[in-house]
Number of protein chains: 2
Amino acid sequence: MPVLPSGVLGALDPTSDRAVFRQIADQLREAIDKGKFAEGDKLPSETELVEHYGVSRMTVRNSLSVLQGEGLVVSEHGKGVFVRPRPPVRRLASDRFARRHREQGKSAFIVEADAAGSHPTVDSLEIKEERPSQDVATRLGGPRRVLARRRRYLLDGRPVEFATSYLPLDLARGTPIAEPNPGPGGIYARLEELGHRLDHFEEEIRARMPAPSEVKTLQLASGVPVIHLVRTAFDTEGRAVEVCDTVMAADAYVLAYQLPAT
Amino acid sequence: MPVLPSGVLGALDPTSDRAVFRQIADQLREAIDKGKFAEGDKLPSETELVEHYGVSRMTVRNSLSVLQGEGLVVSEHGKGVFVRPRPPVRRLASDRFARRHREQGKSAFIVEADAAGSHPTVDSLEIKEERPSQDVATRLGGPRRVLARRRRYLLDGRPVEFATSYLPLDLARGTPIAEPNPGPGGIYARLEELGHRLDHFEEEIRARMPAPSEVKTLQLASGVPVIHLVRTAFDTEGRAVEVCDTVMAADAYVLAYQLPAT
DNA sequence: CAGTGGTCTAGACCACTGC
DNA sequence: CAGTGGTCTAGACCACTGG
């Protein structure tokens with residue numbers, strides 16, 4: 001007995017082996033996919049779904065949690081459950097660290113976001129000397145201590161990325177690299193001024209679900225994975241001069257790379 | 001009152017604002033992080049947790065579903081809830097399509113897996129002529145019809161990747177590219193023989209939670225995202241000659257790229 | 001204030017596993 | 001068979017939102 005305004009949702013199939021909460025999730029998912037609920041639209045309330053399907057509230061909530069896990073919907077306490085809006089995506093091109101982009105006064109993030117018409121912010125800046133993790137130490141060739149530069153990036157007020165750069169201490173201590181604002185062109189420009197002409201970068205990419213601390217820092221909705229990117233910068237002598245460990249909200253990014261065919 | 005064998009789990013804090021199911025999830029997560037439950041270990045059963053914490057079963061299940069969503073544990077019906085084993089990771093290097101790798105008789109996937117000591121398989125091979133999606137059409141320069149080659153890759157029996165290659169029909173029809181086995185070096189070698197010398201590839205990477213069909217095809221545990229990779233191959237004349245759309249189990253891959261500094 | 005989602009209980013029955 | 005997780009009910013009280 002459909003009692004919902006639009007009649008977009010069907011009935012349950014009692015003969016089906018498929019669990020009731022899955023059937024409900026299927027119907028909601030299909031309605032979303034077909035655009036019957038658009039981005040940002042409010043789904044029927046739990047109470048409405050309970051009445052429409054004639055099931056208990058826990059069953060309805062179970063359905064909704066399935067969709068939440070898929071990243072299709074977000075719930076807002078006291079308001080309702082909504083089709084998750086797709087945030088604007090930031091495209092990272094493979095030439096984003098080309099030398100010509102380092103000439104300007106601002107960091108790559110700021111320049112790029114400005115160009116895209118977004119309002120970029122950087123906060124939570126922290127600069128510390130510390131003992132590197134096993135992984136970072138290995139990538140940097142085994143320094144006993146490193147300079148760590150941590151910062152969070154926001155786009156139009158929304159946190160999208162949390163990054164930490166590690167540099168061997170003997171290389172960075174007492175230089176502008178250890179300053180909150182390293183100056184025009186960022187730390188890569190400073191590294192080159194210090195005689196470490198950059199040759200290439202290596203990036204390693206993984207995707208996984210966020211740890212609770214990452215959910216907090218990046219204000220992630222449930223059902224949103226993170227992209228974990230570790231970049232190592234090499235100078236022309238083959239020395240690893242920086243490791244940058246970045247955790248990105250996966251729904252805010254698309255990474256682009258160019259590969260040689262030769 | 002701890003009643004569990006090992007005493008690895010503490011008590012609830014009734015004065016805390018934190019929901020009970022979150023406190024339980026926190027304690028289990030911490031125990032896992034600290035190695036008190038190792039990879040593949042069985043967690044206490046729901047009944048044991050109910051008795052240990054003195055809460056209802058739904059509360060315990062709620063805790064466990066939090067950890068499942070984080071990809072930390074997997075449940076097996078009739079057996080228990082286990083710390084999710086980390087599968088071996090396949091590293092995709094940025095030179096994986098270099099011409100020198102195309103000389104051998106087998107596909108890149110097979111060669112690489114063999115070298116890593118894994119047992120590779122390819123199945124679900126399907127070759128069809130079809131009308132391209134808007135996105136694929138745009139990337140290929142607007143062909144009306146394309147040849148689609150679909151296949152699934154497995155490592156030691158576990159599905160890890162599902163890929164579809166799209167090629168303009170005028171280019172692929174009637175050639176070995178339209179055959180189930182395109183021959184040594186794969187379709188890239190055939191493209192070059194047909195006069196399309198490859199110049200470079202562009203790859204776009206996203207991460208997201210899988211759709212239900214992807215969960216099925218890749219037999220994904222809950223809490224495992226997918227990496228969505230779209231690669232376009234360009235010949236020396238700048239023509240896009242192939243688009244390969246790939247969905248990978250994120251816990252089975254790390255992607256590596258090299259970027260120029262110039 | 002009414003309506004929404006968030007948490008929790010105390011049961012029930014079922015399906016799957018392994019002995 | 002006993003033990004496990006999977007599904008579902010019918011309530012309860014709470015916290016948050018908006019008018």
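Below, all heavy atoms of this structure are taken into account, side chains as well, without hydrogens, waters or symmetry copies. Lettering of chains follows the sequences in order, A, B, ..., and the numbering in each one begins at 1.
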Does OP1 or OP2 of [N] have a side-chain N or O of [X] closer than 4.0 Å?
X     : N     : answer
B:R61 : D:dG6 : yes
A:S75 : C:dT4 : no
A:K79 : C:dG3 : no
B:T59 : C:dT9 : yes

Run B:E203 and B:Y257 through side chain to side chain donor-acceptor pair (under 3.5 Å) and show every step you take. CA-CA 10 Å; B:E203 295 198 339; B:Y257 293 93; 2.4 Å; yes

Pair pattern of DNA chain D in dot-bracket, where unpaired bases get dots and | marks partners in another strand, Watson-Crick or G-U under 3.5 angstrom: ||||||||||||||||||.

Looking only at non-hydrogen atoms, find the nearest pair between A:T246 and A:M248 and report the distance.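 Closest approach of A:T246 to A:M248: CG2-CG, 3.6 Å.
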
Spacing of [X] atom [atom1] and [Y] atom [atom2] [to the nearest 0.5 Å]:
X      : Y      : atom1 : atom2 : value
B:M209 : A:L72  : CE    : CG    : 10.5 Å
A:Q219 : A:E214 : CD    : CD    : 14.0 Å
A:D26  : A:S63  : CG    : OG    : 9.0 Å
B:F162 : B:D123 : CZ    : CG    : 9.0 Å

Among A:R149, A:R150, A:R151, salt bridge (Lys or Arg N to Asp or Glu O under 4.0 Å) partner for A:E126: A:R150

Separation of atom [atom1] in [X] from atom [atom2] in [N], rounded to whole Å:
X     : N      : atom1 : atom2 : value
A:M58 : C:dA12 : CE    : C1'   : 15 Å
A:E46 : D:dC16 : CD    : C1'   : 13 Å
B:R57 : D:dG3  : CZ    : C1'   : 11 Å
B:L67 : D:dG5  : CG    : C1'   : 15 Å
B:D17 : D:dC16 : CG    : C1'   : 14 Å
A:F21 : D:dG5  : CZ    : C1'   : 12 Å
A:Q23 : D:dC8  : CD    : P     : 8 Å
A:N62 : D:dT7  : CG    : P     : 7 Å

Start at the 5' end of DNA chain D and walk down; is the nucleotide closest to A:V55 or to B:G78 reached first? B:G78

Mapping B:E76 and A:R18 onto DNA chain D by nearest heavy atom, which one lands closer to the 5' end? B:E76

Among C:dT9, C:dG5, D:dG5, the one nearest B:S45 by side-chain distance: D:dG5

B:S56 has its side chain closest, among C:dG5, D:dA10, C:dT9, to C:dT9

Does C:dG6 have A:H77 stacked on its base, where the ring centres are within less than 5.5 Å and the planes differ by under 30°? no

Taking any heavy-atom pair under 4.0 Å as a contact, classify B:R22: base, sugar-phosphate, or nothing. sugar-phosphate

Side chains of B:V247 and B:E161: closer than 4.5 Å at any heavy-atom pair? no

